[in-house]
Engineer: 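Input: one structure, supplied below.
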Amino acid sequence: MSKEYSPKDIEQKWQDIWDETGAFHASDDYTKPKYYALVEFPYPSGQGLHVGHPRPYTALDIIARKRRLQGYNVLYPMGWDAFGLPTENYAIKNKIHPKIVTANNVARFKGQLKSLGYSFDWSREINTTDPSYYKWTQWIFLKLYEKGLAYKSEMPINWCTSCKVGLANEEVVNGVCERCGSPVVRKVKSQWMLKITEYADRLIRDLDLVDYIEKVKVSQKNWIGRSEGAEVDFRLTGKDDVLRVYTTRPDTLFGATYMVISPEHPLIDKYKDELKNWDAVTEYREAAARKSDFERTELAKDKTGVCLDGITAVNPVTKKEIPIWISDYVLMSYGTGAIMAVPAHDERDWAFAKKFGLPIIEVVQGGNVEEAAFTDTETGILVNSDFLNGLEVKEAKQKITDWLTEQGIGHRKVNFKLRDWVFSRQRYWGEPIPIVHCEKCGFVPLPESELPLVLPEVESYMPTDNGESPLAAMKDWVKTTCPKCGGPAMRETDTMPQWAGSSWYFLLYTDPHNDREFASKEALDYWLPVAWYNGGMAHTTPHLLYSRFWHKFLYDQGLVPTPEPYQKRTSHGMILGENGEKMSKSRGNVVNPDDIVREFGADTLRTYEMFIGAFDLSASWSNEGVRGCRRFLDRVWKLQDMLTQEDGYSKGLETRVHETIKKVSQDYESLKFNTAIAAMMALVNDFYKAGRVTRGEYRTLLILLNPVAPHITEELFELAGFEGRIFTSSWPEWEEAKTVEKTVEIAVQIGGKVKATLMVGLDDEQSAIREKVMTIPAIANALAGRNIIKEIYVKGRIYNIVAK
RNA sequence: GCAGUCGUGGCGGAAUUGGCAUACGCGCUAGACUAAGGAUCUAGUCCGGGUUUCUGGGUAGGGGUUCAAGUCCCCUCGACUGCACCA
């Protein structure tokens, strides 16, 4: 009898062996076939590892380990995205320097990750808060500045009232701060901005080059929000001036019965003197300005507005005079801040027109515009539209846009929802922006030789209410000399956002110890693009989009070899508490991975998290489920006692083994870990039923299971006396011909109902099977006195007889 | 409101993509081993009626296509996830 399975005794042992032998170090031999597997590096929070973390890490660990066994040079790295607010807040509360907090958290995280036995190449560990790291973050920022893609601008930004920090659009969710849930208000500040909009088109177009799960592509497209339409100029009645609008439906121009401009539109002040209802207009504008974004969207459905009494516009095709309204449903930040309203064919315009009794003119036939706006663009035919009558929407768009262009009053136009990236944060724990403000020269970038610009030690990390970073209080540091003219200058005191360091970290892993450049050309050429990148859905818009943007920029500068950073992107589901709710301290349903490792072992935790359900869906934790996975590993352990001396596969189980190799190999690739594990459980059950397992079968099982449960399988491999280690072995092959049984049981149906089963040879002819079928008593009885109309045989599956 | 995904035992979830629904795991029941079992092994477990070999129903509800539907089409209900006045 073998001794009992005790994870405690073997897991540390194998982790040490992997460390000492450098088993998982990626090789710098660039002639080998390579594979770059990547998981999002964590933010090392004070709470330590959450059971959610191991899910994606284990999944790609499985891929990485399998690839190594298949002969690839695998890069599977790990690091720390360590700048960020929680660390800073913790530092403030406990009066410890963020650097120390970070170091402690990293040590904790690293210990936890190591205890789970991941095959990360720890020799390539990186940390975004190391000056040697952020030197290159600053360097890339300066490149962006040099190329005109970083600029400073006075503009209203999203300001979190609690974090006291400006936020990017991507960080505002439903009008509140993504991180703390506090209200976000508008605050005019001078901000560093990155011109991500310059790349909007390519960020959409190049999604065709990559293999991302559909959900991710869709949300990237939605966020960028490309729309095709036209800009059209409406002449103001009796004036030599125009009001320019943007529309995606130029075909409905004949139905434009009024116009709406945003309350912030400059036209209002320009014609202030001619407005007879200035008081009402002012009141409306002030009310709109007071509303936060949140309120503006909350009250979305109820339309409000004021008609400008004193100026009107002329519809360029109907020549009719139409009123101009102001309303906050038109946003100054999109298009031209003005629209032509076509109530018959736009839901918002329809609601507005109904409320204020404005005319609704049908120009596309197909609905009842008195009941609702008809917005279908596929089926409608143009009416009431002079030279557009009878055309389909698509043709009409084309024709009217050409006509507007000829007349010089309009042109084709593409717009995006995407805004430039607000890149300044008024906090301490981030990368300093390497720019000085010189009285004479304006903004001057630091020369490369002065990088990194290291974060100075400050007395207090507290942010201030006046919207200045804690660095602003460091008068000695702020006061400096201009690198260009030597005159007096001030340093920029805002820092970069959390997303800066993570926008390029995957490049550094390819060559992490290089101090001349962020990574050598050879390393980048060899390793890029990342073959498989897994990360949370929550990072689809900020991180994934930002890093694609930076990568494309670097590509344009000839600094990276590929237009896209990641070839494949997948996403994992969340792990919920036992009650099906999100895990949180306040709900009291948090599971600590350390406890699971202590009680059941790392292999059990890994197996369970992979078995819990479909990888991309959220799943609820179950302690009983964990126990079941431990039971499975116990059963694998005890197979030792059933081991025979034969090397190959036994006759009775040969097909089962080949079938399982195929299933497991394919399921790992498509993230169906739950069914891969189920297949191995079923195989183990078969061994138990047989009461024996050959050495050949056993060895194959151990290698198949190794990526999921690496410690126990290495131990059993050694105990059985197989040559070498699993990590130096190779992945088993299956023979297609041997994956299917030659004799199979088929169902015999009459009219689609199963009446009997029958053993047949897989390659038997239908006629031979028919003979056997007809001799089955149940079938013969059921068919007595009936006419057979049709017979269908599906090879190896079913024999169906249709009778009347 | 719009878009998308989904709805399968007591529970987590399978189903070669149109071919014997409920694999695998949990839980439960019985038996074996045992001083003992919250360990292990064996057997059973979709629901109802007869219980040996039978029989009817069954994948949210309703309708349809098909020899055959969890899978395809239409409607209704419910859940989840995005987006949310982007003209």
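This structure is a prediction, so every number in the text was calculated from the model and none was measured.
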Engineer: Choose from B/G27, B/G19, B/A87 the nucleotide whose nearest atom is closest to any side-chain atom of A/Asp346.
Structural biologist: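 Taking heavy atoms from C-beta onward, the closest nucleotide is B/A87.
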Engineer: Both atom distances under 3.5 Å, Watson-Crick or G-U wobble: I'd like the secondary structure of RNA chain B as a dot-bracket string, with | for pairs made across strands.
Structural biologist: (((((((..(((......[....)))((((((.......))))))((((....))))..(((((..]....))))))))))))....
Engineer: With ring pair (Phe, Tyr, Trp, His ring centres under 6.0 Å) as the rule and sequence neighbours excluded, what pairs involving residues 605-627 of chain A come up?
Structural biologist: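 For residues 605-627 of chain A: A/Tyr608-A/Trp621, A/Phe615-A/Phe673.
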Engineer: Consider the side chain of A/Ser219, meaning its heavy atoms from C-beta on, and name the nucleotide among B/C67, B/A87, B/G82 that approaches it most closely.
Structural biologist: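 Selected nucleotide (nearest to the side chain): B/G82.
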Engineer: Pick base, sugar-phosphate or nothing for A/Ser227, based on heavy-atom distances below 4.0 Å to the nucleic acid.
Structural biologist: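 Here A/Ser227 touches the backbone only, sparing every base.
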Engineer: Using whole Å, what does the distance between atom P of nucleotide B/C83 and atom CG of A/Leu545 come to?
Structural biologist: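 Result: 13 Å.
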Engineer: For a quick test of reading the model: is some side-chain N or O of A/Asn685 closer than 4.0 Å to OP1 or OP2 of B/G25?
Structural biologist: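 Indeed, a polar side-chain atom of A/Asn685 lies that close.
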Engineer: Within this structure, what is the NZ-to-C1' distance between A/Lys215 and B/C6, rounded to whole angstrom?
Structural biologist: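 Rounded to the whole Å, the gap is 11 Å.
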Engineer: So which nucleotide from B/G25, B/C83, B/A87 ends up closest to the side chain of A/Phe611?
Structural biologist: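 From the listed options, B/G25 comes nearest.
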Engineer: Checking contacts here: which listed nucleotide (B/G25, B/G13, B/C20) is nearest the side-chain heavy atoms of A/Asn674?
Structural biologist: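 Looking only at heavy atoms from C-beta outward on A/Asn674, the closest nucleotide is B/G13.
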Engineer: Return the value, rounded to whole Å, for the distance between atom NZ of A/Lys303 and atom C1' of B/A87.
Structural biologist: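 Going from NZ in A/Lys303 over to C1' in B/A87 covers 11 Å.
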Engineer: Name the closest nucleotide to the A/Ile792 side chain, picking from B/C67, B/A15, B/C26.
Structural biologist: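 Closest nucleotide to the A/Ile792 side chain: B/C67.
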Engineer: Does OP1 or OP2 of B/C85 have a side-chain N or O of A/Ser327 closer than 4.0 Å?
Structural biologist: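 For B/C85, OP1/OP2 do not have a side-chain N/O of A/Ser327 under 4.0 Å.
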Engineer: Indicate yes or no: at least one non-hydrogen side-chain atom of A/Ile776 is less than 4.5 angstrom from one of A/Lys755.
Structural biologist: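 They are not in side-chain contact.
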Engineer: On the nucleotide B/A87, are OP1 or OP2 found under 4.0 Å from the side-chain N or O atoms that A/Tyr329 carries?
Structural biologist: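 Checking B/A87 against A/Tyr329, no side-chain N or O comes under 4.0 Å of OP1 or OP2.
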Engineer: Produce the list of close N/O pairs, under 3.5 Å, pairing protein atoms with atoms of nucleotides 35-40 of chain B; give distances to one decimal.
Structural biologist:
from  : atom 1 : to       : atom 2 : distance (Å)
B/U40 : O3'    : A/Lys638 : NZ     : 3.4

